[in-house]
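Please read all numbers here as calculations on a predicted model, not as lab measurements.
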Amino acid sequence: MRDLPIELVSAVVQDVSATVDLLHLRSLNRSYRELVTPHAFSKLHIKNSIQSAQNCRQIIGAASLAIHVREVVYDFRDNEHFRLPPDNVDSADAGSELEEVLTHAFCGITALPKIESVVLNFWPSFLCQESGREICENPFWFINRQLTLLHAIYHGMKTSRLTTLSFNNVILPSTGYDFVSSLIDSPLSHISVSVVSNAEVSAWSASNNINGSLGALLPPSNPTLKSIVLRSPQGAYHSLATRLSSFYYPSLESLVLENIIFDHTPSFDGVEEFVIRHKDTLQRLELQSCACYVPDPATDVRQWSTIWQRWAAELTSLTEFVVNNGDHRYVLFDTDRGYIPHREISTSVYEDDSSSLQVFKDSIAAGQVAVV
């Protein structure tokens, strides 16, 4: 393979995705190294281990390698289900050492001149430096590590050219972070926040009031943000602490909501008003498995049909609307079981909802735009 034409080698390199294979190619000779290096180091993977974080710092410290890094991905785990461990796990010493090394690594991303994207995946376990075994992490240290790394990333955004930021398995705080609200000139054009569901957090904390605001990690209002994703993939998410009234992004074009519960009464702090506030620029709206909150069985529901009709009248810039026909539900809050389906909704309510949704879709389709 050492004697192959450089054009053929270049074509082969473009089809190789595994980092270990790219590094093997890179070690063959100088020509291969020069050809493979930009591809091998364009995406930097950091596992949740001290050794991996130290390796990352070495790459960031090498100017000849750092210049090629465009994306940093932390602790990617394919097909793993998130589950908080019991709170009696004792991992303080190992967890604090890992946290310190990771903090230094992520604070160093400001030295990456071409960084564009960071993905943080939070899992409540890590690889032990001594034994190589995976150790479950005490929830206190898990949340503390989230806070520390989030702080490092937001601090780095003050001087980096980062444009895309994604968080997965985040436990939102009950109060906002100063390091988020102080990021006046955010460079982000896209942010994605995937939160731990109400049920998972409540089962761990034995409290139904720990759920923080969906806006806790959103940067202050700015003209650069164009796309927002707010997801709770493992179950419903609702927070009475959500305060979205201060957020307005004059360039916002796309909004995705998954498993997010809408408040019973619309307010400037709620999700519904957040959508309306961006009616002049919002072009794509996606709702997956969202629901409307009903305070108690005796209270009249605020029908989805009301929301569909309002959005149809006001979201005049919308060109793509993604929602499943049967994906508009109503939920009650049970002190023991959390958010549960409201079983006493009449057939006429669902029929009215479906009819209004179809009218909304038809009004968008009339402009020859995409409706899914």
Side-chain angles (χ1 to χ4, degrees), residues 170 172-178 180-186 188 190-193 195 198 208-232 236-288 290-296 299-318 321 323 328-333 339 353 356-357 360:
V170 173
L172 294 176
S174 56
T175 58
Y177 292 133
D178 290 340
V180 177
S181 59
S182 65
L183 188 63
I184 304 302
D185 297 318
S186 167
L188 294 178
H190 171 78
I191 185 169
S192 175
V193 181
V195 303
N198 288 151
N208 293 313
N209 299 314
I210 197 172
N211 314 308
S213 170
L214 285 169
L217 297 177
L218 293 180
S221 301
N222 65 75
T224 60
L225 196 63
K226 294 184 177 181
S227 174
I228 297 175
V229 176
L230 299 173
R231 305 173 60 240
S232 178
Y237 194 86
H238 183 231
S239 172
L240 297 176
T242 290
R243 300 288 184 268
L244 296 176
S245 59
S246 63
F247 297 100
Y248 172 63
Y249 306 102
S251 300
L252 188 66
E253 299 175 353
S254 176
L255 176 64
V256 177
L257 304 171
E258 180 183 347
N259 264 324
I260 303 303
I261 298 178
F262 284 51
D263 293 333
H264 180 258
T265 303
S267 70
F268 287 113
D269 282 322
V271 175
E272 183 180 340
E273 289 297 329
F274 180 80
V275 175
I276 291 294
R277 196 153 51 248
H278 296 89
K279 61 184 180 181
D280 292 333
T281 59
L282 195 61
Q283 298 177 25
R284 185 180 189 276
L285 177 61
E286 179 176 344
L287 272 65
Q288 297 293 343
C290 293
C292 278
Y293 171 61
V294 183
D296 61 76
T299 303
D300 291 336
V301 301
R302 184 167 191 273
Q303 292 187 224
W304 275 107
S305 60
T306 303
I307 299 175
W308 302 144
Q309 291 165 13
R310 187 182 182 202
W311 284 356
E314 299 204 42
L315 301 182
T316 55
S317 297
L318 206 61
F321 181 48
V323 63
H328 35 273
R329 304 167 295 143
Y330 299 92
V331 295
L332 298 164
F333 180 73
Y339 291 93
D353 290 345
S356 296
L357 175 58
F360 185 17

J.: For I307 and C292, what are the C-alpha separation, side-chain angles and deciding distance, and is it a side chain to side chain contact (heavy atoms under 4.5 Å, CB included)?
T.: CA-CA 10 Å; I307 299 175; C292 278; 3.8 Å; yes
J.: With the side chain counted from C-beta on, respond yes when I191 and L225 share a heavy-atom pair under 4.5 Å apart, and no when they do not.
T.: yes
J.: Identify, with sequence neighbours excluded, every residue that meets ring-ring contact (aromatic ring centres under 6.0 Å, His included) alongside F268.
T.: none
J.: Run the ring-ring contact (aromatic ring centres under 6.0 Å, His included) test against H238 and tell me which residues pass, sequence neighbours left out.
T.: Y293, Y339
J.: A291 and V331: which non-hydrogen atoms are nearest, and at how many Å?
T.: CB-CG1, 3.9 Å
J.: Please tell me if the side chains of L255 and L282 come closer than 4.5 Å, counting only heavy atoms from C-beta onward.
T.: yes
J.: Applying salt bridge (charged side-chain N to carboxylate O under 4.0 Å, His left out) as the test, list every pair that has at least one member in residues 212-232; sequence neighbours left out.
T.: R231-E258
J.: Please tabulate, for side-chain N and O atoms in residues 246-254, each donor-acceptor pair with protein atoms closer than 3.5 Å (sequence neighbours left out).
T.:
| from | atom 1 | to | atom 2 | distance (Å) |
| --- | --- | --- | --- | --- |
| Y249 | OH | P219 | O | 2.5 |
| S251 | OG | P223 | O | 2.7 |

J.: Minimum heavy-atom separation for T299 to P295, with atom names?
T.: CG2-CD, 4.1 Å
J.: Closest approach of L230 and I260, non-hydrogen atoms and distance?
T.: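 Of all heavy-atom pairs spanning L230 and I260, the closest is O-CG1, 3.8 Å.
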J.: Please report the shortest heavy-atom distance between S267 and E273, naming the atom on each side.
T.: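 Reported closest heavy-atom pair: O-CG, 2.8 Å.
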J.: Where do L172 and S213 come nearest, in terms of heavy atoms and distance?
T.: CD1-O, 3.3 Å
J.: Apply ring-ring contact (aromatic ring centres under 6.0 Å, His included) to the pair F321 and W308, showing each step before the final yes or no.
T.: CA-CA 11 Å; F321 181 48; W308 302 144; 5.8 Å; yes
J.: Taking atom types as modelled, find out whether N222 and T224 have a side-chain donor-acceptor pair closer than 3.5 angstrom.
T.: yes
J.: Can you name the residues that form a salt bridge (charged side-chain N to carboxylate O under 4.0 Å, His left out) with R277, not counting sequence neighbours?
T.: none
J.: E314: what forms a salt bridge (charged side-chain N to carboxylate O under 4.0 Å, His left out) with it, not counting sequence neighbours?
T.: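 So E314 forms a salt bridge (charged side-chain N to carboxylate O under 4.0 Å, His left out) with K279, R310.
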